[in-house]
Amino acid sequence: MAIVIALRRIDLGWKVVLVGGLAGGMLEFAMSLIQQYLLGSRSWNYANEPLNIGGRTTVPFMLFWGLLCYLIVRFILPLVLWLVHLIDDTWHTRLATILLAWILIDAVGALPAIFLYGQRANGVVFDNWFAQHIGRLPMTTSCACISRTCACESHRGSSGTIYRPQARSVVMAYGRHARLAPS
């Protein structure tokens, strides 16, 4: 978002598309690396797409990110700024506090869900009440594929085996509440 706000100072549309596309592609590449090495799973793999960059992003997707930045900078951001200026100054702090609380509440549920998603992809099953509750959320029911190897039932036939990490991952995952899923 900081890049998008900085892009609004650029007058030429093609520069906004270029910088926004490069920033979007770098962010997509970085998030893919972080997810793979921190959580042990991958949500996307563009290795078979034309003009891919390490299978983590592609030039056409970077162009999409650039066009999206252009639309945000030229149309959506001015509208949002106009709406923000309509709000009374005494409400700015209150509204910012409410939005911050909303983000923190969302993080309390989302961050453990992301962690559990990666652990489930690695074959670790959690037996505590929180993990069972998070497991019922729609975000955590999708398939986690790691290097063409998937942990969900729907892809087992096409991918072969389920990815199994080293045993040390199980010890790191909440001690007695974690166990390897049965094969």
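- Side-chain contact between Gln35 and Trp44: present, with at least one pair of heavy atoms (C-beta onward) separated by less than 4.5 Å.
- Residues Glu28 and Tyr46 meet the side-chain proximity criterion, which asks for heavy atoms closer than 4.5 Å.
- A chain of hydrophobic side-chain contacts below 4.5 Å, direct or via other Ile, Leu, Val, Met, Phe, Trp or Tyr residues, connects Leu68 to Val19.
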Acceptor/donor pairs from residues 91-101 side chains to any protein atom, 3.5 angstrom cut, sequence neighbours excluded:
from	atom 1	to	atom 2	distance (Å)
His92	NE2	Val84	O	3.4
His92	NE2	Ile87	O	3.4
Thr97	OG1	Thr93	O	2.8

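- Side-chain contact between Met62 and Leu51 is absent, with no heavy-atom pair separated by less than 4.5 Å.
- Shortest non-hydrogen contact noted between Asp88 and Thr90 is OD2-OG1, 2.7 Å.
- Here Ile53 contributes atom CD1 and Glu49 contributes atom CD; the two are 13.0 Å apart, rounded to the nearest 0.5 Å.
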message: Between Leu79 and Ile76, is the side chain to side chain contact (heavy atoms under 4.5 Å, CB included) condition met? List the steps.
response: CA-CA 5 Å; Leu79 177 65; Ile76 296 172; 5.8 Å; no
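- Distance check, rounded to the nearest 0.5 Å: CZ of Phe75 to OH of Tyr70 gives 5.5 Å.
- Each of Met31 and Met26 belongs to its own hydrophobic cluster when Ile, Leu, Val, Met, Phe, Trp and Tyr are linked at side-chain heavy-atom distances under 4.5 angstrom.
- What you find for Gly20 and Cys69 is that their closest heavy atoms are CA-SG, 3.7 Å.
- Linking ILVMFWY side-chain heavy atoms closer than 4.5 Å, directly or via other members, places Ile34 and Leu27 in a single hydrophobic cluster.
- Residues forming a side chain to side chain contact (heavy atoms under 4.5 Å, CB included) with Leu67 (at least two apart in sequence, or on another chain): Val17, Leu63.
- Side-chain heavy atoms closer than 4.5 Å link hydrophobic residues (I, L, V, M, F, W, Y) into clusters, and following such links, even through other members, never connects Leu83 to Ile72.
- The backbone N or O of Thr57 sits nowhere less than 3.5 Å from a side-chain atom of Asn52 that would complete a donor-acceptor pair.
- In terms of heavy-atom proximity, Ser32 sits nearest to Arg42 at OG-NE, 4.0 Å.
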- request: Would you sort out whether Asn45 and Arg56 count as a side chain to side chain contact (heavy atoms under 4.5 Å, CB included), showing the intermediate values?
  value: CA-CA 6 Å; Asn45 186 355; Arg56 299 184 187 282; over 6 Å; no
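- Minimum heavy-atom separation, Pro60 to Pro50: CD-O, 4.0 Å.
- Under the 4.5 Å side-chain heavy-atom criterion for grouping Ile, Leu, Val, Met, Phe, Trp and Tyr, Ile103 is not connected to Val80 through any hydrophobic cluster.
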